[in-house]
Protein chains: 2
Amino acid sequence: MPKLGMEPIRKAALVKATIVEIGRVGSLDVTVSQIAKRAGMSSALAHHYFGSKEEMFLAAMRHILTLYGAEVRGALALADGPESRLRAVLAASFSAANFRREAVGAWLNFWVLAQTVPEAKRLLKVYQGRLRSNLLAGLRPLAGDRAVPIAEGLGALIDGLYLREVLKSGPPDRELAVTTALNYLNSKLEGARP
Amino acid sequence: MPKLGMEPIRKAALVKATIVEIGRVGSLDVTVSQIAKRAGMSSALAHHYFGSKEEMFLAAMRHILTLYGAEVRGALALADGPESRLRAVLAASFSAANFRREAVGAWLNFWVLAQTVPEAKRLLKVYQGRLRSNLLAGLRPLAGDRAVPIAEGLGALIDGLYLREVLKSGPPDRELAVTTALNYLNSKLEGARP
DNA sequence: GTTTTTGTTGATTGACGAGTCAATAAACTT
DNA sequence: AAGTTTATTGACTCGTCAATCAACAAAAAC
């Protein structure tokens, strides 16, 4: 009973399943069969649509980055003024959608993937660049020359908070993460204000 | 020509080789044969001494943690006063020995390992705990009640700087990392001083 | 109504890799 | 000197898994 136009649906299901499985298993050692099973199809079909496991991983990364990008853009649209924009970026970074065990676990593994797969590295750099320029846009009016190092530090802090989330048991504490980041920001800005 | 008392020597060689190979390949997908070859022996011998690949990984983690611990202790011994102790911890964290591609790459992969292997998680928590208490010891006299969140943030920042090191091409910039962390620290302390 | 395109899978291939084992040899023990 | 312990490896087993293929089904195109 093959219905037509399945391709996008199946691909989407596979991408989702890839993220879930990587998050669940906690490593990139997930088999195509596992992923395909979770997505409700045979492994052969997964290969049919993606060609290789690596392509599946990359598609999953792109998806997470896209989601994150959309979330940031949405939050930025509602913000006005540099300070509010900075808050928006942080809120999006630690939003319920992004800052959950599953996604964070996948994220960590993408970092590992980036060590071997150039395209993965490229994608991660795109993310870093976007984050950086978003932060800089908010910071420059507030901190002038000192914006660059502050953005650097804040970016690292965000990544570090993600990393620590992985080790924790229990549910993610988004409040705490946002507070920590805001705290950093405030102490920096106070130092820079006239 | 079997000389006696080889066990510790071979184990040490394997541990070293494990770290190098993980760092080189950039993932935990290194074969026991690769590691054994680099350590100058057969894979059978590696299994003979460690029993399993997982044990090898854990031994490598313990080794890195031990080195790091020793470095911190050494630096702390020379320091006097809380501020100087904080600097010592940071300097050790970004020392040439710890903050090099190879070690950082291995570190990242241990994080991944911690998601699956409970003992790896335990070890990483030990590291976090030590770092935390070292930072707190220095921070409490300077920041009182605010010491805890500052330590939390600083810990995450250090991990984040490690993480970012992985993505960079070119040699590690220890200066920059230390400066960034010190910067964070200073802006925090200024805010807390009377 | 036949041909082509799209969807789908069970079965198979081929490679690779962790862990085991039997065998060999040197050194230590008694 | 006979026996035991330690060191060492090549060859083998056994599983697993990515990727391919042949085959089948339904819709679309002609």
Side-chain angles (χ1 to χ4, degrees), chain A residues 1-22 24-61 106 109-110 112-113 116-120, chain B residues 1-61 109-110 112-113 116-120:
Chain A
M1 9 105 153
K3 292 157 194 172
L4 283 235
M6 280 285 98
E7 177 156 359
I9 296 164
R10 300 248 107 137
K11 277 192 164 183
L14 282 169
V15 161
K16 203 172 193 172
T18 302
I19 295 166
V20 172
E21 281 299 293
I22 290 179
R24 193 180 63 78
V25 176
S27 93
L28 296 174
D29 281 337
V30 281
T31 69
V32 174
S33 299
Q34 273 170 38
I35 297 171
K37 187 173 183 185
R38 176 160 300 253
M41 72 196 79
S42 73
S43 70
L45 195 55
H47 274 103
H48 174 64
Y49 282 126
F50 277 106
S52 75
K53 190 169 149 179
E54 189 173 305
E55 278 307 318
M56 253 179 269
F57 284 167
L58 290 174
M61 261 188 91
N109 280 287
F110 291 152
V112 171
L113 195 65
T116 2
V117 181
E119 175 67 5
Chain B
M1 13 100 155
K3 295 157 193 168
L4 283 236
M6 281 285 100
E7 178 156 359
I9 297 164
R10 301 248 106 138
K11 277 193 165 182
L14 283 169
V15 161
K16 204 171 192 175
T18 303
I19 295 167
V20 172
E21 281 299 291
I22 291 179
R24 194 181 62 79
V25 176
S27 93
L28 296 174
D29 281 337
V30 282
T31 69
V32 173
S33 300
Q34 274 170 39
I35 296 172
K37 187 174 182 183
R38 175 160 300 254
M41 73 196 79
S42 74
S43 72
L45 195 54
H47 274 104
H48 174 63
Y49 283 126
F50 276 107
S52 76
K53 190 169 149 178
E54 189 173 306
E55 279 306 319
M56 253 179 269
F57 284 167
L58 290 174
M61 263 188 88
N109 279 287
F110 291 151
V112 170
L113 195 66
T116 1
V117 181
E119 174 67 4

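Residue numbers start from 1 in every chain, and the chains themselves are labelled A, B, ... in the order their sequence lines are given, proteins ahead of strands. Everything numeric here is computed off the predicted structure, so don't read it as measured data.
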> Compare side-chain N and O positions of B:Arg10 against OP1 and OP2 of D:dT6 and report whether any pair is under 4.0 Å apart.
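False: B:Arg10 side-chain N/O out of range (4.0 Å or more) of D:dT6 OP1/OP2.
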
> Just to confirm, is there a sub-4.0 Å distance from OP1 or OP2 of D:dA7 to any side-chain nitrogen or oxygen of B:Tyr49?
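The answer is yes; a side-chain N or O of B:Tyr49 sits under 4.0 Å from OP1 or OP2.
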
> Given side chains that start at C-beta, do those of B:Arg38 and B:Arg24 come closer than 4.5 Å, heavy atoms only?
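Yes, their side chains come closer than 4.5 Å.
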
> Check every strand shown and say whether B:Ser42 touches a base, only sugar-phosphate, or nothing at a heavy-atom separation below 4.0 Å.
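Result for B:Ser42 = base.
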
> Using atom CE of B:Met41 as one end and atom P of D:dA7 as the other, report the distance to the nearest whole Å.
12 Å

> Can you figure out which of C:dA18, D:dT6, C:dT8 approaches the side chain of A:Leu45 most closely?
C:dT8

> Please tell me if the side chains of A:Leu14 and A:Met41 come closer than 4.5 Å, counting only heavy atoms from C-beta onward.
yes

> Which atoms of nucleotides 20-22 of chain C (N or O only) lie under 3.5 Å from a protein N or O atom, and what are those distances?
none

> Is the shortest side-chain heavy-atom distance between B:Leu28 and A:Leu28 below 4.5 Å?
no

> Assess whether side-chain contact (heavy atoms from CB on, under 4.5 Å) is satisfied between B:Ile22 and B:Ile35, documenting all intermediate values.
CA-CA 9 Å; B:Ile22 291 179; B:Ile35 296 172; 5.9 Å; no

> Find the distance B:Lys37:NZ to C:dA18:P and express it as a whole number of Å.
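From B:Lys37 NZ to C:dA18 P: 15 Å.
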
> Side chain of B:Thr31: nearest nucleotide among D:dC17, C:dG17, D:dA7?
C:dG17

> Indicate the atoms forming the closest heavy-atom contact of B:Glu55 with B:Phe50, along with that distance.
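Looking at all heavy atoms of both residues, the shortest contact is CB-O, 3.2 Å.
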
> How many whole angstroms separate atom CD of A:Glu7 from atom P of C:dG7?
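From A:Glu7 CD to C:dG7 P: 6 Å.
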
> Roughly, in whole Å, what's the span from CG in A:Leu4 to P in D:dA28?
5 Å

> I need the CD1-C1' distance between B:Ile35 and C:dG19, as an integer number of Å.
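About 14 Å, once rounded to whole Å.
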
> Return the value, rounded to whole Å, for the distance between atom CD1 of A:Ile9 and atom P of C:dG7.
10 Å

> Tell me the closest heavy-atom pair linking B:Ser52 and B:His47, and the distance in Å.
CA-CD2, 4.4 Å

> Which atoms form the tightest heavy-atom contact between A:Val30 and A:Lys53, and what is the distance?
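Scanning both residues, the minimum pair turns out to be O-NZ, 2.9 Å.
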
> Would you mind classifying the nucleic acid contact of A:Phe50 as base, sugar-phosphate or nothing, using non-hydrogen atoms under 4.0 angstrom?
nothing

> Among the candidates D:dT8, C:dA27, D:dA19, find the nucleotide nearest to the side-chain atoms of A:Lys53.
D:dA19

> Using whole Å, what does the distance between atom P of nucleotide C:dA18 and atom CD of B:Glu21 come to?
12 Å

> Just how far, in rounded Å, is P of C:dG19 from CE of B:Met56?
8 Å

